[in-house]
Participant: 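I have a structure I would like to understand better, so I am pasting it below and will then ask my questions one at a time.
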Amino acid sequence: MTDRQAALRDIAAGLLGGGQFATFIGFRAGLDPSRPVPHFVRDASGAGALVINPFCGAGLARHVLEALEDGPVGILTRGCDGLGLERLIADGRVARERLHIVAVACRGAVDPARARAILGRIPERAEVDAQAVTLIAGEERRSVPRDSCLLSRCLNCVDPSPRLADSWLDEPLPAGVRDFKAVSHMEQQPPEARYAFWARQFRRCIRCYACRNVCPACSCRSCSLDDPELQERATSLADQFGFQFTRAYHVAGRCVACGECQRACPMSIPLSLLNEKFLKDIRDSFGIADPHRPSAVEPLACYRPDDPESWRGDAR
Amino acid sequence: MTMNLLPSERLAEFRECLAAGARLYGPVEVDGIVLFEELGGRPPAIRPGNPANSLKSFLCPQTEAVFDFEGGYTDVALRVPAAPTAQAIFGVRPCDAVALERVSRVLLAEPFADESYRQRREMTTILTMACREAGPHCFCRSVGVSPADGRGSDVVLYPADGHYLLEAVTARGLSVLQSAGAFLDPARDEAARATCQSTPVPLIGAVEREDLAARLEAVALHPHWDELARRCLGCGACTFLCPTCYCFALFDTVRGARGRRSRGWDSCQFKDYSLMAGGHDPLPTKASRIRRRFLHKLSRFPAVQGEYACVGCGRCGGTCPVGLHLAGVLSELEEVLR
Ligand code: SF4
Ligand code: SF4
Ligand code: SF4
Ligand code: SF4
């Protein structure tokens with residue numbers, strides 16, 4: 001753990017000291033020890049503030065968009081950050097050669113709210129391994145199952161290490177295969193139950209669009225959601241469904257399942273479940289085993305002249 | 001003001017009596033999170049700290065119709081929505097009630113009182129549950145609010161073992177106690193209030209500073225605002241959930257010859273929030289918008305109103321996806337100034 005942190009600080013200091021890189025993106029300690037915050041190091045002497053620990057939960061990929069305006073960027077990158085960077089690169093928003101990717105293998109990030117609920121106070125440290133999470137505060141150490149306090153995206157994670165890397169802080173962990181268990185379960189519910197479930201979720205949306213602002217697949221410079229003629233801002237249930245479907249469809253086929261939308265949502269709406277539905281359908285309809293990983297063939301993003309269905313509808 | 005004791009086992013009857021003449025709202029747990037919603041007979045989820053949404057949802061709703069219109073250029077017919085009906089909100093925390101008092105200073109200021117807010121405020125009864133335990137991100141006391149504060153409330157309930165001490169703060173509160181007289185015991189329990197007055201509040205150390213406003217103004221141009229801007233997503237969740245943020249925008253949706261003028265929450269954290277006709281934007285960068293949020297709450301609003309436009313409810317602390325909340329930012333600024 002500390003080895004990785006020391007290595008990270010060295011690499012960041014080296015990149016910034018070399019003069020080619022303007023920013024290094026990682027984490028620094030927050031006011032609350034269980035909530036480190038994204039941090040933007042601007043010169044070599046600042047690298048000592050960087051931390052790596054199991055509370056580092058925020059996704060970092062989306063932050064490169066703004067940081068690149070100042071020059072090339074070094075970035076601490078877990079599997080989910082890596083997929084986000086791949087997305088931005090595939091969408092032509094970021095040039096690979098302007099990034100230095102410092103890869104780290106991730107065993108999961110702790111959800112600070114769930115951890116606090118378990119411990120009854122704010123945890124100061126945590127240790128995460130393949131079996132369990134140990135939460136530590138003062139003299140107290142408590143081991144709990146992973147699914148009781150990790151972020152939900154981490155429980156479904158099959159990409160602990162990034163696929164793109166310029167430096168490694170440790171050995172990569174092997175990738176897995178998504179099982180879509182939660183979506184399959186949802187698909188078996190009767191339509192009325194599914195409707196009731198989503199109505200209950202969407203009803204509480206405050207339309208802050210944090211889900212959009214963190215998303216590496218939502219990187220348009222100007223967004224239809226900001227135009228009241230295109231997306232009514234009213235919050236009737238019909239408007240809420242309209243907005244939620246718009247968001248989900250706009251990332252369908254490009255969502256990398258990084259789970260940032262759900263983590264950022266202040267109303268705890270399970271957005272990942274919607275995204276997963278699209279991913280599962282892409283897997284089943286197009287036979288792509290890992291539809292969340294950006295690739296040369298993205299079925300919802302390409303057009304083939306020999307497509308059996310005419311998109312213009314002129315075969316009517 | 002009038003004080004009474006309510007035995008804990010009669011709390012549900014007390015609530016029923018409130019629900020008799022008004023829609024009754026309160027905190028409920030929905031899918032693991034606590035929200036203010038219409039109670040509809042559900043037991044309230046009274047937990048340390050605050051529900052995710054604030055009372056704003058019921059007094060200045062997220063969006064509401066100002067009027068519907070129909071017709072051509074010269075013969076427009078307007079339809080205004082029905083006047084609001086009575087509502088009571090139970091289980092409010094003292095900071096949220098104080099926040100209403102702060103918002104009212106702005107929205108009810110003559111000669112431009114906000115008619116829609118005024119009508120709703122007049123139809124709303126606030127029943128506050130004083131805090132015996134604070135939430136993880138609370139810092140009320142360092143912004144001049146107490147866990148036993150009665151400002152903005154009609155009735156305050158101070159929890160004690162086996163009963164609640166009820167205090168009527170307003171004439172409306174007094175009539176609530178009168179109508180619930182059958183459940184109440186005229187005994188007093190001063191200790192119940194004193195206990196809440198001394199409830200420990202976790203984050204006060206991060207905020208409590210002498211000359212907070214002057215210190216902030218002194219760092220208004222510090223480069224740390226740029227660092228904060230790199231981190232901030234500009235989503236405005238902090239302001240949408242903040243009980244003291246009251247900005248709104250008007251927008252029209254037109255469908256053929258019919259349409260609706262609505263108003264809805266706006267946020268100083270949004271790009272183009274302050275964009276003027278002619279193209280000038282006094283808050284053109286994210287750094288300038290974040291700075292504005294902090295200076296407004298802790299320096300400019302107090303300069304005019306004599307109180308902070310933050311009540312220490314802790315919502316921004318629990319919800320900002322990148323940990324850029326009031327207590328956190330103040331402690332960072334202290335750190336960079338050291
Ligand atoms: S982040 Fe959550 S509350 Fe905000 S717009 Fe998205 S779904 Fe709605
Ligand atoms: S939609 Fe959500 S899970 Fe998918 S890429 Fe965007 S933030 Fe990540
Ligand atoms: S401070 Fe946090 S909640 Fe507020 S706009 Fe920035 S990212 Fe969103
Ligand atoms: S600024 Fe934060 S702590 Fe203060 S009243 Fe608003 S949400 Fe609550």
Side-chain angles (χ1 to χ4, degrees), chain A residues 23 25 27-32 34-42 46 57-59 62-63 66-67 70 112-114 116-117 121-122 197 200-201 203-215 222 226-229 232-236 239 260-261 263-270, chain B residues 30-33 35 37 52-53 57 61-65 136-137 202-203 206 223 226-227 229-241 249 251-254 260 262-267 269-272 286 315-325 327-332 335:
Chain A
T23 312
I25 307 180
F27 290 92
R28 56 164 270 170
L31 175 61
D32 165 349
S34 68
R35 294 171 194 253
V37 297
H39 186 46
F40 303 78
V41 188
R42 306 279 288 168
R62 175 67 195 257
H63 288 290
E66 272 181 45
D70 297 330
R114 299 178 80 194
R116 184 187 166 275
R121 56 176 161 162
I122 291 176
F197 174 83
R200 206 170 69 233
Q201 309 298 324
R203 215 156 39 97
R204 64 175 180 264
C205 172
I206 57 165
R207 302 284 278 281
C208 59
Y209 305 150
C211 48
R212 169 197 64 181
N213 289 20
V214 283
C215 174
S222 86
D226 294 328
D227 182 340
E229 280 293 324
E232 288 207 35
R233 285 176 51 183
T235 46
S236 71
D239 286 298
E260 264 301 274
C261 46
R263 188 196 66 83
C265 174
M267 301 311 267
S268 307
I269 299 173
Chain B
V30 183
D31 298 304
I33 70 165
L35 295 169
E37 281 194 354
N53 56 344
S57 305
Q62 177 154 12
T63 56
E64 63 178 309
H137 300 101
L203 287 187
D226 297 319
E227 156 72 18
R230 287 186 190 98
R231 197 190 308 159
C232 172
L233 302 164
C235 61
C238 48
T239 55
F240 273 19
L241 295 173
F251 46 97
D252 291 351
T253 30
V254 185
R260 166 171 292 182
S262 312
R263 63 185 263 178
W265 298 346
D266 199 354
S267 169
Q269 300 307 294
F270 292 162
K271 183 162 77 64
D272 298 348
K286 227 196 289 174
R315 283 189 180 82
C316 55
T319 49
C320 171
V322 292
L324 205 155
H325 51 93
V329 166
L330 290 183
S331 75
E332 279 182 42
E335 194 186 306

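Just so we're on the same page: letters track the sequence lines, and every chain starts at 1. Model, not experiment: these values are computed from the prediction.
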Participant: Under 4.5 Å, counting heavy-atom pairs only, tell me which of A:Ala58, A:Pro266, A:Pro270, A:Ala67 racks up the most with chain B.
Facilitator: A:Pro266
Participant: Please tell me if the side chains of B:His137 and A:Asp32 come closer than 4.5 Å, counting only heavy atoms from C-beta onward.
Facilitator: yes
Participant: I need the B:Phe270 CZ to A:Cys208 SG distance, nearest 0.5 Å.
Facilitator: 7.5 Å
Participant: What residue in B:Pro136, B:Ala65, B:Ser331, B:Ser57 has the most heavy-atom pairs under 4.5 Å with chain A?
Facilitator: B:Pro136
Participant: If you round to the nearest 0.5 Å, how far is CG of B:Asn53 from CD1 of A:Ile206?
Facilitator: 9.0 Å
Participant: Side chain, backbone, both or neither: which part of B:Leu203 has a heavy atom under 4.5 Å from chain A?
Facilitator: side chain
Participant: For the residue pair A:Ser268 and B:Asp31, establish whether any side-chain heavy-atom pair is separated by less than 4.5 Å.
Facilitator: no
Participant: Quick check on B:Leu233 against chain A: is it the side chain, the backbone, both or neither that has a heavy atom closer than 4.5 Å?
Facilitator: both
Participant: Measuring only between side-chain heavy atoms, which start at C-beta, is A:Arg42 closer than 4.5 Å to B:Asp226?
Facilitator: no
Participant: Taking atom CZ of B:Arg260 as the centre, does the number of heavy atoms from other residues, nucleotides or ligands within less than 6.0 Å exceed 12?
Facilitator: no
Participant: If you compare all heavy atoms of B:Phe240 against all heavy atoms of A:Arg207, which two are closest, and at what distance to 0.1 Å?
Facilitator: CE2-O, 3.6 Å
Participant: Could you look at B:Asp252 and say if it's the side chain, the backbone, both or neither that has a heavy atom under 4.5 Å from chain A?
Facilitator: backbone
Participant: What are the two closest non-hydrogen atoms of B:Glu227 and A:Phe40, and how far apart are they?
Facilitator: OE1-O, 3.2 Å
Participant: Look at the side chain of A:Arg263 and the backbone N and O of B:Pro321, then say whether any donor-acceptor pair between them is shorter than 3.5 Å.
Facilitator: yes
Participant: Is there a side-chain contact between B:Val30 and A:Gln201 in this structure, where contact means two heavy atoms from C-beta onward sitting under 4.5 Å apart?
Facilitator: no
Participant: Any Lys/Arg nitrogen of A:Arg204 or B:Glu37 sitting under 4.0 Å from an Asp/Glu carboxylate oxygen of the other?
Facilitator: no
Participant: Evaluate side chain to side chain contact (heavy atoms under 4.5 Å, CB included) for A:Met267 paired with B:Leu241, printing each intermediate quantity in order.
Facilitator: CA-CA 10 Å; A:Met267 301 311 267; B:Leu241 295 173; 4.2 Å; yes
Participant: Between B:Glu335 and A:Arg28, is there a side-chain N and carboxylate O pair less than 4.0 Å apart?
Facilitator: yes
Participant: Treating A:Arg35 as the side-chain partner and B:Gly323 as the backbone partner, does any N or O pair qualify as donor plus acceptor under 3.5 Å?
Facilitator: no
Participant: Does some side-chain heavy atom of A:Val37 sit less than 4.5 Å from a side-chain heavy atom of B:Val322?
Facilitator: no
Participant: Relative to chain B, which of A:His39, A:Glu260, A:Arg121 shows the most heavy atom pairs under 4.5 Å?
Facilitator: A:His39
Participant: At a heavy-atom separation under 4.5 Å, does A:Asp70 approach chain B through its side chain, its backbone, both, or neither?
Facilitator: side chain
Participant: Could you tell me the separation between the CZ atom of B:Arg230 and the CD1 atom of A:Ile25, rounded to the nearest 0.5 Å?
Facilitator: 9.5 Å
Participant: Most heavy-atom pairs under 4.5 angstrom with chain B, which of A:Gly57, A:Gly59, A:Cys211, A:Ala264?
Facilitator: A:Ala264
Participant: Output the distance between atom CD (A:Glu66) and atom NZ (B:Lys286), rounded to the nearest 0.5 Å.
Facilitator: 3.5 Å
Participant: Under 4.5 Å between any side-chain heavy atoms of B:Glu332 and A:Leu31, yes or no?
Facilitator: no
Participant: Between OG1 of B:Thr63 and CG of A:Asp239, what distance do you get to the nearest 0.5 Å?
Facilitator: 7.5 Å
